Participant: 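A single structure is presented below for examination.
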Amino acid sequence: MAGIVTKKAGSGGDLRPPHISEPKIVKWILIAISIIFLCSIVLLPLIIVLFESLKNGIGLYLESIVEPDAMSALLLTITVAVITVPLNSFFGICAAWAITKFQFRGKNFLISLIDVPFAVSPVISGLIFILLLGTNSALGAWFESYNIQIIFALPGIVLATMFVTFPFIARELIPLMQAQGIQEEEAAASLGASGWKIFWRVTFPNIKWGLLYGMILCNARAIGEFGAVSVVSGHIRGETNTLPLHVEILYNEYQFTAAFAVSSLLVFIALLTIIVKSFIEWKTHQQQSQMQEVDHHG
Amino acid sequence: MANSYIEVKNINKKFGSFSAVNDVSFTIEKGKLIGLLGPSGGGKTTILRILAGLEYADSGDIYFDGQRVNEVLPQDRGIGFVFQNYALFRHMTVFQNIAFGLEVKKWPKQKVKDRVFELIELTGLSGLENRLPHQLSGGQRQRVAFARALAPQPSLLLLDEPFAAIDAKVRKELRSWLAETIAKIGITSIFVTHDQDEAVEVANEILIINQGKLEQMGSPIEIYKNPHTPFVASFIGQSTIIENFHELKGFDHEIGSTRAVVRPEFMDLGKPGEINFASAAQKAVVKNVFFRGSNWEIEVQVGNHIFYAFRSLEKEQLRVGDEVLLLIHRMYAFNDNQTVIIENRLKEDPMPVII
Ligand SMILES: Nc1ncnc2c1ncn2[C@@H]1O[C@H](COP(=O)(O)OP(=O)(O)OP(=O)(O)O)[C@@H](O)[C@H]1O
Ligand SMILES: [Mg+2]
């Protein structure tokens, strides 16, 4: 659902003048290939999801969505996102802050560590938590002795989701905070502002759009995460199933209409994400060009 | 000291093993405008940042108004800092930028407003109070930064190359405006520059900083007329270094040194007949002629020495290869640690030269 952090494409960029570009025909062939490819690979499946879910009438569609197991999956998914996104925002800001505003040993190690979830397959991420916190592990046994269940319960799902989605926010903030440097903060200090005031009045306003952008990506991925969650959830219907897991179960039981109906929920969330993301991209782009202008003029 | 407001005693600062500030001491009187002048990388910014508390000295003491402030945080030092690239808060309007320091100090709303508009007026920014920094010109940003630093009524104003990012013409206007404004408010100020014209024109006193050391401190005219170190002699003014100056007519002084600094204003250049004291002048050949806008700069050769002298546009134009007379009035002879002014001995009637 969510991609790697991207630069705003489309507008800007350097276009070559027509006389040193390839002939017109090449341009049209490239455009045609791209459109056909995206339509058949991206757009068509999305339309089919909607079509299939509504095939047997709107009544059945709504029924599959308000059905208790689906509702509990939706609730769980939202719960996971609501816990994960703020926590990751907090840790993401801390990490980006530490990395960009302080000198310390092992900084590069920390930066590499942030990228690990991007590099590791989500299934493996899930397995890591089973190994770490499952009943066979020391830590898992310890929690169990206090009757706290981590794996196959909400805490495990949240942990796995946090692991997978951690980099989105930190990765978004680090370059932003690096580009901004420390001068505005020094200016604020010389004007008498203390640590917290500097953060809230100077640092934070400068990163808020980037942070929101990271949060949107993080949220999208948290809602859509399948692999890692699948391993730690245990697939208990009505209890530990998230929306993507519920879709899979319905599909495995040949309840196609219901599967598509629930999928369409995820598609709507995705579309919403893209709209909000474009808006924020436009906003951050605007802010960045202001920043460049300010830097350029001195 | 009686009137000293800022006292810096033996401060040192190292970055790793590199010594950026090396045993620097000075005192500054209240209300003075001081220029920190020196070549790039000399340690000027570092000294300013140490005064502001943005950097800590490894050793040495700093006193503001008799109080030792070494451990005082930048927030509590009562300084205003104008950064080299202004560091305006980019998401705040001009008004909000200037108001920031006052709001932080919890001034009442109405007082903040009055003070901000007072400064907007003072800095000639009226009508721009709702603009964001990126909607301002370089000169306007500079004024905002200045107003923002002044707003909380600091007792010391520090400016790091306040004009560096501004084009030459506006820079001249701005710096005389700044000097006037600072004089009007009467605030003790230190500004960094590596442009000596700027320092000479604006500052009451200049500190010359080179390789982390304070080379000399004094009024512009003192530094110009009486450089204490070879570095200052060659750094201030437009200088040419002459090896074996004994070879030149009138300079057979025995002072245990062979090198000297000569400036264009220490010399007269002309065709035979244009020069008084022709007997004290050297025969020279024109090597190059440069148009410098308000005069000619002439490169001449005497033996194997090269000199640069000025010539008025009113006088007959010289051409490459012309034979001319070069009268050298004086030089700064120097060895490793001192400079001595030596006068041309063949001039019977030394003309006082006013600089
Ligand atoms: N944070 C730092 N870490 C390491 N070295 C530093 C640091 N800050 C300054 N230096 C070094 O200290 C020396 C003095 O720097 P400083 O910025 O004070 O010079 P400056 O006189 O202001 O030069 P300029 O006119 O170019 O601004 C330089 O050689 C610089 O490389
Ligand atoms: Mg500097």
Side-chain angles (χ1 to χ4, degrees), chain A residues 12 93 97 100-105 107 172-173 175-213 279-280 282-298, chain B residues 48-49 51-55 73-92 96-107 132-142 144-145 148-154 156-158 160-167:
Chain A
I93 290 174
W97 200 354
T100 53
K101 313 270 162 155
F102 297 100
Q103 276 306 332
F104 56 94
R105 268 162 190 275
K107 195 178 197 168
E172 184 62 30
L173 291 182
L176 198 63
M177 290 171 89
Q178 244 157 10
Q180 276 158 355
I182 55 163
Q183 281 227 312
E184 282 182 48
E185 283 144 18
E186 285 184 341
S190 76
L191 288 166
S194 59
W196 270 115
K197 274 225 175 82
I198 295 177
F199 180 78
W200 282 116
R201 296 215 40 197
V202 177
T203 314
F204 185 72
N206 280 338
I207 60 167
K208 66 178 177 206
W209 288 107
L211 177 67
L212 202 56
Y213 184 84
F279 172 73
I280 293 173
W282 173 75
K283 251 337 230 195
T284 37
H285 183 73
Q286 216 180 21
Q287 200 178 38
Q288 255 160 22
S289 48
Q290 282 173 18
M291 195 163 90
Q292 274 157 10
E293 215 176 311
V294 169
D295 287 348
H296 181 74
H297 287 292
Chain B
L48 217 58
R49 289 173 59 86
L51 285 174
L54 297 172
E55 208 92 66
L73 292 173
Q75 284 88 338
D76 306 324
R77 286 200 184 187
I79 41 109
F81 203 114
V82 178
F83 290 82
Q84 186 165 349
N85 40 22
Y86 315 141
L88 297 178
F89 305 127
R90 71 192 88 209
H91 61 282
M92 295 186 202
Q96 291 166 331
N97 262 283
I98 302 174
F100 183 87
L102 306 175
E103 286 168 355
V104 161
K105 293 198 169 60
K106 303 213 162 62
W107 282 34
L132 287 169
H134 73 102
Q135 297 166 322
L136 299 174
S137 75
Q140 289 165 341
R141 277 178 209 165
Q142 208 270 334
V144 177
R148 183 181 68 175
L150 282 181
Q153 295 166 321
L156 172 66
L157 183 65
L158 304 172
D160 193 359
E161 309 216 17
F163 314 107
I166 295 170
D167 62 80

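The chains referred to below are lettered A, B, ... by the order of the sequence lines, with proteins before strands, and numbering in each begins at 1. Since the model is a prediction, treat every value here as computed from it, not as a measurement.
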Participant: Under 30°, 30 to 60°, or over 60°: which ring-plane class applies to B:Phe89 and B:Phe100, parallel, tilted or perpendicular?
Facilitator: tilted
Participant: By a 4.5 Å heavy-atom criterion (distance strictly below it), what part of B:Arg49 contacts chain A: side chain, backbone, both, or neither?
Facilitator: side chain
Participant: Checking heavy atoms, do the side chain of B:Glu103, its backbone, both or neither come under 4.5 Å from chain A?
Facilitator: side chain
Participant: Students often mix this up, so state it plainly: with edges at 30° and 60°, are the rings of A:Phe199 and A:Trp196 parallel, tilted or perpendicular?
Facilitator: perpendicular
Participant: Enter the distance from A:Lys101:NZ to A:Gln178:CD here, rounded to the nearest 0.5 Å.
Facilitator: 10.0 Å
Participant: Where on B:Phe83 is there a heavy atom nearer than 4.5 Å to chain A: the side chain, the backbone, both, or neither?
Facilitator: side chain
Participant: Say you draw a straight line from CZ of B:Arg141 to CG of B:Asn85; how long is it, rounded to the nearest 0.5 Å?
Facilitator: 10.5 Å
Participant: What option among A:Lys197, A:Glu185, A:Glu186 has the most heavy-atom pairs under 4.5 Å with chain B?
Facilitator: A:Glu186
